[in-house]
Student: 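Got a structure for you, written out below as structure tokens; questions coming shortly.
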Protein chains: 2
Amino acid sequence: MAFQPAESEATGAQRDDQPGVRAVIRSLDLLVELSKWERPARLSELARGVDLHPTTALRLLESLRSRGFVSQTVDRSYVLGSRTFEIGSAFLRNVSIWSQANQLAEQLAESTGETSSVGVLDEGQILYIAIARGQQDMGIASAPGTRHPLYCTSLGKAIMAELPAADVNGLLAQDPPRRLTPNTILDLSSMQRELNEVRSVGYAVDNEERTPGVVCIGAVIRDHRGVQVGALSISGPAVRMRENGIAELGRLVVKSAQAFSA
Amino acid sequence: MAFQPAESEATGAQRDDQPGVRAVIRSLDLLVELSKWERPARLSELARGVDLHPTTALRLLESLRSRGFVSQTVDRSYVLGSRTFEIGSAFLRNVSIWSQANQLAEQLAESTGETSSVGVLDEGQILYIAIARGQQDMGIASAPGTRHPLYCTSLGKAIMAELPAADVNGLLAQDPPRRLTPNTILDLSSMQRELNEVRSVGYAVDNEERTPGVVCIGAVIRDHRGVQVGALSISGPAVRMRENGIAELGRLVVKSAQAFSA
DNA sequence: AATAGCATTGCGTATAATGGAACGTACACG
DNA sequence: CGTGTACGTTCCATTATACGCAATGCTATT
């Protein structure tokens with residue numbers, strides 16, 4: 001059995017013209033893979049997940065472990081290490097609205113009884129940085145640190161309404177809309193019309209466009225200079241939100257958002 | 001043995017035979033280094049910080065950037081990328097008490113008016129996972145994601161009081177006490193006496209042992225089975241804390257901590 | 001007892017990460 | 001206005017180094 005040319009994955013050329021150092025990228029992929037697991041993951045599971053030889057995965061994970069980015073349970077399964085939290089928290093400190101984001105969400109959650117979220121525009125998506133559960137929690141709120149597309153969230157639409165049409169097109173092209181519910185807005189002209197509506201009323205509505213039965217209302221928040229720095233929303237069951245009056249709630253959200261600027 | 005006992009230290013040839021893949025470890029060091037910067041860091045600054053050739057640092061940072069762990073400002077300075085927050089948040093989800101930690105801290109902050117913190121034992125230190133500022137904020141509260149030693153925090157002492165003496169010794173040896181204030185507890189026997197006191201009253205007091213003028217009161221929190229899962233504390237200026245009565249406040253902290261178990 | 005799957009170690013090889021040198025640029029200073 | 005410095009970046013030769021195979025010991029499963 002002489003050495004054969006590399007297996008090449010049956011499909012032939014794998015695009016390894018990616019920028020950077022292979023070992024580093026692989027280790028980061030392992031970290032991302034691990035972050036998706038709800039339970040501790042075994043070496044072989046992770047290795048399979050990112051398509052690496054167990055030996056390679058082992059050494060990369062050892063490297064991650066030596067710096068606290070992963071740690072091992074007694075049965076040698078892997079979990080995220082606390083260093084990830086430490087550094088993730090450092091990221092938050094760079095986000096201008098971080099220190100007030102939680103307070104803001106909590107106030108709105110209290111005054112409306114619905115779950116309230118604060119998010120920022122990040123790499124063409126909404127990144128949630130604060131969530132406050134309302135009295136009547138549905139348990140379907142996104143957690144901080146998760147992302148959602150712009151086109152199907154009230155936060156995303158509120159932010160896009162602030163931007164020039166060209167930028168909006170660019171953002172949507174970057175993350176092309178997919179039909180998530182019957183109400184999802186898919187085409188560009190519909191979105192532009194929707195954004196006109198947002199601009200005229202001052203808040204954005206996600207009318208069951210991402211999750212059936214869930215309605216969200218969002219508005220942008222600005223710093224003291226009036227520069228947009230993120231967005232604020234409430235989320236609740238469609239029926240209850242409509243009972244309480246979308247316009248009514250919208251005014252509440254806008255009021256909270258405006259109070260923030262001070 | 002015929003050979004000299006002096007092993008490997010004579011020439012110091014082994015500088016960093018650390019386990020793992022060098023490029024990965026270097027990139028993680030870069031990430032940690034970057035997380036320490038309050039402002040965007042330049043390539044050369046980071047390279048110097050971790051003692052790397054700029055060329056090498058550049059490629060490692062490119063790798064980190066390709067996966068969203070760092071990003072660049074318009075002037076090409078580096079900042080942490082949002083992926084770090086995403087993964088750091090995933091870590092929190094594995095912490096059993098995370099979902100209730102914020103609520104818990106807020107309730108205690110509201111009922112006492114002082115800043116309240118929740119932390120867990122992690123790698124021989126206290127890792128703060130939730131902070132709620134009280135009415136009368138001093139602005140010196142640690143942020144979530146930061147660490148502090150066990151021996152000089154009320155959280156640490158409350159947790160150590162739960163552990164066998166041998167474990168305590170091990171933990172303290174792992175992170176040997178340093179004099180941070182005149183009150184810092186340095187020697188083991190004093191600490192054991194202190195922990196006895198903690199056990200008898202049910203809460204721990206940091207009596208200006210970490211920061212002059214700051215007093216903290218902490219107690220462990222348990223899950224429904226009675227297993228220790230973290231600790232809860234309040235922090236405030238020494239004078240005010242003493243005015244309000246340490247014992248009084250201690251009872252409040254313990255009450256909140258116990259209410260948590262339900 | 002036998003098998004299967006797993007984590008881990010050692011090792012030779014070829015890859016791939018490394019750092020020197022050089023280039024372009026921006027800015028500071030004389 | 002020219003000179004000098006510090007920086008980011010590209011290119012390239014070199015060899016250090018990360019890789020994957022094969023073999024080992026382990027645990028769980030049949």
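Below, read A as the first sequence line, B as the second, and so on, with proteins coming before strands; counting in each chain starts at 1.
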Student: Does some side-chain heavy atom of A/Arg26 sit less than 4.5 Å from a side-chain heavy atom of A/Val50?
Tutor: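 A/Val50 does not reach A/Arg26 side chain to side chain.
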Student: Check step by step if salt bridge (charged side-chain N to carboxylate O under 4.0 Å, His left out) holds for A/Lys36 and B/Glu86.
Tutor: CA-CA 10 Å; A/Lys36 294 178 188 164; B/Glu86 219 174 329; over 6 Å; no
Student: Quick one: are B/Asn102 and A/Asn102 in side-chain contact, heavy atoms under 4.5 Å?
Tutor: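 Not in contact.
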Student: Compute the angle between the rotation axes at the two ends of the helix from C/dA1-D/dT30 to C/dG30-D/dC1, each taken over five pairs, rounded to 10 degrees.
Tutor: 40°
Student: Taking atom P of C/dA17 as reference, at what distance in whole Å does atom CG of B/Leu64 sit?
Tutor: 14 Å
Student: For B/Leu52 and C/dT18, what is the distance between atoms CG and C1' respectively, to the nearest whole Å?
Tutor: 11 Å
Student: Can you tell me how far P of D/dT17 sits from CG of A/Leu60, to the nearest Å?
Tutor: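 That distance rounds to 16 Å.
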Student: Please give, in whole Å, the distance from C/dA16 P to B/Arg26 CZ?
Tutor: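 Result: 18 Å.
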Student: In the 5'-to-3' direction, what one-character label does each nucleotide of nucleotides 7-15 of chain D receive under the scheme B = base within less than 4.0 Å of a protein heavy atom, S = sugar-phosphate only, - = no such atom?
Tutor: SSSB-----
Student: Hey, mind stepping through A/Trp98 and A/Arg93 against side chain to side chain contact (heavy atoms under 4.5 Å, CB included) and telling me if it holds?
Tutor: CA-CA 6 Å; A/Trp98 159 69; A/Arg93 265 170 245 137; 3.8 Å; yes
Student: Any idea how A/Phe91 and B/Phe85 line up, ring-wise: parallel (<30°), tilted (30 to 60°), or perpendicular (>60°)?
Tutor: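 Ring orientation, 0 to 90° scale: parallel.
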Student: Is there a donor-acceptor pair closer than 3.5 Å between any side-chain N or O of A/Ser142 and the backbone N or O of A/Thr146?
Tutor: no
Student: Report the distance from atom CG of A/Asp75 to atom C1' of C/dA7, rounded to the nearest whole Å.
Tutor: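 Atom CG in A/Asp75 sits about 12 Å away from atom C1' in C/dA7.
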Student: Does a nitrogen or oxygen in the side chain of B/Thr56 sit under 4.0 Å from OP1 or OP2 of C/dG19?
Tutor: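 Answer yes for this pair, as a side-chain N or O of B/Thr56 is under 4.0 Å from OP1 or OP2.
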Student: Do we see a donor-acceptor contact under 3.5 Å between the side chains of B/Ser63 and A/Arg22?
Tutor: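 Looking only at side-chain atoms, A/Arg22 and B/Ser63 do not form any donor-acceptor pair under 3.5 Å.
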Student: To the nearest 0.5 Å, tell me how far A/Glu33 CD sits from A/Ser27 OG.
Tutor: 13.5 Å
